[in-house]
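One structure is given here, and the rest of the page talks about it.
Start at 1 with the first residue, then count along the sequence.
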Amino acid sequence: MPLSSAESTVAEKSVKLRRDFMDLGICIREKLAHVKDCKTGMHGLPVKLVTNLFNLDLPQDWQLYQYHVTYSPDIESRRLRIALLYNHSELANKAKAFDGVILFLSQKLEKKVTELSSKTHRDETVKMTVTLTCELASSSPVCIQFFNIIFKKILKKLSMYQIGRNFYSPSEAMEIPQHKLSIWPGFAISVSHFESRLLFSADVSYKILRNETVLEFMTNLYYNTGVSDFTQMCEKQLLGLIVLTRYNNKTYRIDDIDWSVKPVHTFQRRDGSEISYVDYYKQQYDITLSDLNQPVLVSLLKSKRNDNTEPQIVHLIPELCFLTGLTAQATSDFHLMKAVAAETRLSPLDRQRHLARLADNIQRNKVARIELETWGLNFGNQVSLTGRIVPSEKILMRDHICQPVSAADWSKDIRTYKMLSAQSLNKWLILCSNRTENVIQSFLSCLKRVGSSIGFNVGYPKIINIQENPAAFLRAIQQHVDPNVQLVMCILPSNQKNCYDSIKKYLSSDCPVPSQCVLTKTLHRQGMMMSVATKIAMQMTCKLGGELWAVEIPLKALMVVGIDICKDALSKEMVVVGFVASVNPRITRWFSRCILQKTTTDMVDCLKVFMTGALKKWFKHNHDFPARIIVYRDGIGDGQLKTVLEYEVPQLLSSIRESSSSTRLSMLVVRKKCMPRFFSEVSQALQNPPLGTVVDSEATRPEWYDFYLISQTASRGTVSPTYYNVIYDDNGLKPDHMQRLTFKLCHLYYNWQGLVSVPAPCQYAHKLTFLVAQSIHKEPSLELADRLFYL
């Protein structure tokens, strides 16, 4: 007899689900009457798409049987528990997986409780009780996690190494010797249950490794900083970084540095014997350590079991640890990033070749084939589907409607026509050094010409000459900024972070005035001065409360909201929560708030306060409350969907109901990083899908109201879709209208004269939280809340 649903739920909870599988059991669509039967849109031009998804076929009545195994007398050794069970004839010819406590079988045992016994090598009899706890359908979260474990085993059999969640091939490493980098090619993989079937998804991934050991990094740092600041600087730069030990191709996070332990010191092995680090590496890996005075790195390995076991402390030798990823300095190196992009930015055709090769390897490899067949799985063909292209949008200027030549870029139109509204800039300051005075006059001339053509009147500023150091900038601001100053422009000699941070912190919180920081080298780009002046003029307009352009919004009295979070750069325990809401029906003016909160999760508890403030601001502008509010929530981590539904949505509803009984709410979770990719097939060649492509079937989840939208182009490489999941919906918009509105909102980010990958309020919230987390580290003044001061 099958188990009751209550028993199944309890049994499934005994399996520790990885965070990204926790969301799978949440059924949203059944609560939304308007999409319960159909969540797909009807309008738009059909487009044939190839995906990075592959069919996984299972027998129709396939089930996974979950058992709980106990031992009498109890045995602590996991290895011995597995050996005793696997050696038993009852299980000899069955497909099985066992972690020492929970046993999975593809075939059901005759009895619900099976008693077995085996003997140890000491001739001791051990009784094992195998109890059926759950019968799982292929779509259950536990089953999905189980299928993912099977494919992990398969990729390891294909000589790939797991780093984080992805798999890489060190044997196919690409070298960039001029920058001391190695790039390992590999794949991110996942198995999940989509609309009507089980699918395997794979995407190409790359791991960037520096051909520099931690010891080499420490040595260079020592010579650059000196003895007094070395240990402090070393810990600041290294703690939190991920390193790779090439002798076993494993990655570790550096949690601490133990300066008191050296390679000549000893540690205790599992058998109780003592051995020095020097001798251990010589015996185990035939590696001779060269520096006997180096400290050891400390990494804390969390237990994989579902308990509160203390993390295991691992000591690593800096000489054998290679740094992974790129430093901030490296990512700002144009030539380095160009060399990396040349290897990693794949066209749709190249990406497809990598996927086809992986699929071929899985199907041809005998061990992989047997593993799949054992569990009744059959690796099938690549999935193709039909998407839809939503119509392109017209850009509304003050006295002109633009139909951009390129739907993704209207920068040329912006220079020709006037902005919707712009406040005149009459009283403002420029802070600069004597060396930049000549170039400033040229820049101001360009700024006035640009302002004249786009409808932004720029008066002559007060120019203040200062020394080129952070303290001089701050002193000058404190001396010259008065309540009538509209904007402060600082011409910075370099991108020195502490100088930028101190200016932004003071002018965003202590003395709230919009500020514009410009690098001296930017003003020296003589051939590009008009482009530079246009970009700066538009940012300054926004910071003064101006509106650049709009798109047609058919819904009346609609407020849209973007929410994002960002970890504070100074304190690991703090996160910055950003909330940006539109305050006019045209969706061109914004109310921006953010707060720092102490939390260990990505959940936010200030939404009621934020929404109440946004509703008051809307009422002030429109003398009524909005009829509809649509919230786009970005920055959600794996496994947090339930918490957002149960904790964040009620906060928003509470605030709305206290203000207006008729206002309706919808909330969408936004994910910029998602596994599925789509390629359009044109004349038997693959290319990126057209702008505005929507996918709302086959690659979506049956229990969710979700869709993918491509709202950006990629001149090189493969475009990534953005994934939207409507988790709450009182508005009852048709899927076509929700998708079209989301696409429209991707046109309204004023810091880019083109489409962005997420709706504008999300991008504004991201920009706000990033500035606060990186530079300000405190809540900006409410006096700036109605301006886009953070662009």
Side-chain angles (χ1 to χ4, degrees), residues 18 152-153 155-189 203-221 234-258 261 263 267 277-278 280-291 294-304 311-331 333 336-337 339-341 343-344 354:
R18 209 174 75 184
K152 279 185 185 180
K153 285 172 67 178
L155 263 66
K156 285 174 184 175
K157 296 295 182 186
L158 297 178
S159 302
M160 300 181 83
Y161 288 89
Q162 186 174 359
I163 299 178
R165 289 184 180 176
N166 300 341
F167 291 82
Y168 300 93
S169 299
S171 59
E172 298 176 21
M174 299 169 286
E175 301 295 331
I176 307 179
Q178 68 271 31
H179 297 294
K180 295 183 178 179
L181 293 177
S182 289
I183 300 175
W184 288 8
F187 294 93
I189 63 154
D203 196 16
V204 180
S205 174
Y206 291 97
K207 192 71 184 173
I208 298 173
L209 304 170
R210 297 185 238 168
N211 292 330
E212 176 186 32
T213 66
V214 174
L215 183 61
E216 289 168 340
F217 179 87
M218 293 168 89
T219 305
N220 291 334
L221 197 64
C234 211
E235 289 175 358
K236 184 181 177 182
Q237 300 242 5
L238 286 174
L239 296 193
L241 295 186
I242 305 297
V243 294
L244 177 94
T245 48
R246 293 195 178 180
Y247 51 82
N248 60 358
N249 283 323
K250 287 189 176 179
T251 52
Y252 303 88
R253 174 193 160 97
I254 303 175
D255 293 304
D256 200 359
I257 302 172
D258 194 333
V261 179
F267 66 94
Y277 294 94
V278 176
Y280 172 78
Y281 282 100
K282 184 64 182 172
Q283 289 177 23
Q284 195 76 14
Y285 300 104
D286 196 25
I287 293 172
T288 304
L289 299 181
S290 60
D291 187 338
Q294 61 187 306
V296 298
L297 309 176
V298 179
S299 183
L300 303 176
L301 299 187
K302 293 177 184 175
S303 171
K304 291 184 180 179
Q312 181 189 350
I313 296 173
V314 173
H315 281 173
L316 304 165
I317 306 298
E319 186 182 332
L320 305 179
C321 295
F322 287 82
L323 294 161
T324 67
L326 296 172
T327 61
Q329 186 181 355
T331 54
D333 184 330
L336 185 150
M337 295 308 291
V340 170
E343 300 289 352
T344 60
H354 280 71

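- With hydrogens and angles disregarded, no donor-acceptor distance shorter than 3.5 Å links the side chain of Ser169 to the backbone of Met160.
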Tell me, with the steps shown, if Ile163 and Asn249 meet side-chain contact (heavy atoms from CB on, under 4.5 Å).
CA-CA 8 Å; Ile163 299 178; Asn249 283 323; over 6 Å; no
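- Ring geometry for Phe267 against Tyr280 counts as perpendicular: the plane angle is over 60°, on a 0 to 90° scale with 30° as the lower cut.
- With rounding to the nearest 0.5 angstrom, the NE2 atom of His179 is 10.5 Å from the CE atom of Met337.
- The backbone N or O of Glu216 sits less than 3.5 Å from a side-chain atom of Thr213, completing a donor-acceptor pair.
- The neighbour count for Phe187 CZ, taken as heavy atoms of other residues, nucleotides or ligands under 6.0 Å away, is above 12.
- Under the side chain to side chain contact (heavy atoms under 4.5 Å, CB included) test applied with Leu215, the options Leu297, Asp291, Ile317 reduce to a single match, Asp291.
- The environment of Leu300 atom CG is dense: over 12 non-hydrogen atoms of other residues, nucleotides or ligands sit within 6.0 angstrom.
- Annotation: salt bridge (charged side-chain N to carboxylate O under 4.0 Å, His left out) contacts involving residues 240-251, sequence neighbours excluded, are absent.
- In this structure, Cys321 and Leu316 approach most closely via the heavy-atom pair SG-CB, 3.7 Å.
- Atom CG of Asp256 sits about 11.0 Å away from atom CG of Leu238, to the nearest 0.5 Å.
- Going from atom CG of Leu326 over to atom CG of Leu209 covers 10.0 Å, rounded to the nearest 0.5 Å.
- A side chain to side chain donor-acceptor pair (under 3.5 Å) with Tyr277 holds for exactly one of Lys282, His315, Gln294; it is His315.
- Looking at heavy atoms from C-beta onward, Tyr247 lies out of side-chain contact with Gln284 at the 4.5 angstrom threshold.
- Of all heavy-atom pairs spanning Phe322 and Arg210, the tightest one is CD2-O, 3.6 Å.
- For Ile313 against Val298, the heavy-atom pair with the smallest separation is CG2-CG1, 3.9 Å.
- No option in Trp184, Tyr161, Phe167 other than Trp184 meets the side chain to side chain contact (heavy atoms under 4.5 Å, CB included) test with Lys207.
- Residue Gln162 comes nearest to Arg165 through the heavy atom pair NE2-CA, 4.0 Å, listed as atom of the first residue, atom of the second, then distance.
- Nearest heavy atoms, Asp258 versus Pro295: O-CB, 3.4 Å.
- Atom CG of Asn166 and atom NZ of Lys152 lie 10.0 Å apart (nearest 0.5 Å).
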Can Ile176 and Leu336 be said to form a side-chain contact (heavy atoms from CB on, under 4.5 Å), step by step?
CA-CA 9 Å; Ile176 307 179; Leu336 185 150; over 6 Å; no
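- The backbone N or O of Tyr285 lies less than 3.5 Å from no partner atom in the side chain of Gln283, so there is not a single donor-acceptor pair.
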When you look at Leu239 and Ile257, which way does the side-chain contact (heavy atoms from CB on, under 4.5 Å) test go after all the steps?
CA-CA 8 Å; Leu239 296 193; Ile257 302 172; 4.2 Å; yes
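- To the nearest 0.5 Å, atoms CG (Leu155) and CD1 (Ile189) are separated by 5.0 Å.
- Listed here is the closest heavy atom pair of Ser299 and Tyr252: OG-CB, 3.7 Å.
- Looking only at distances, no side-chain donor or acceptor of Glu212 sits under 3.5 Å from a matching main-chain atom of Leu323.
- Interatomic distance, Leu320 CG to Thr245 OG1, rounded to the nearest 0.5 Å: 8.5 Å.
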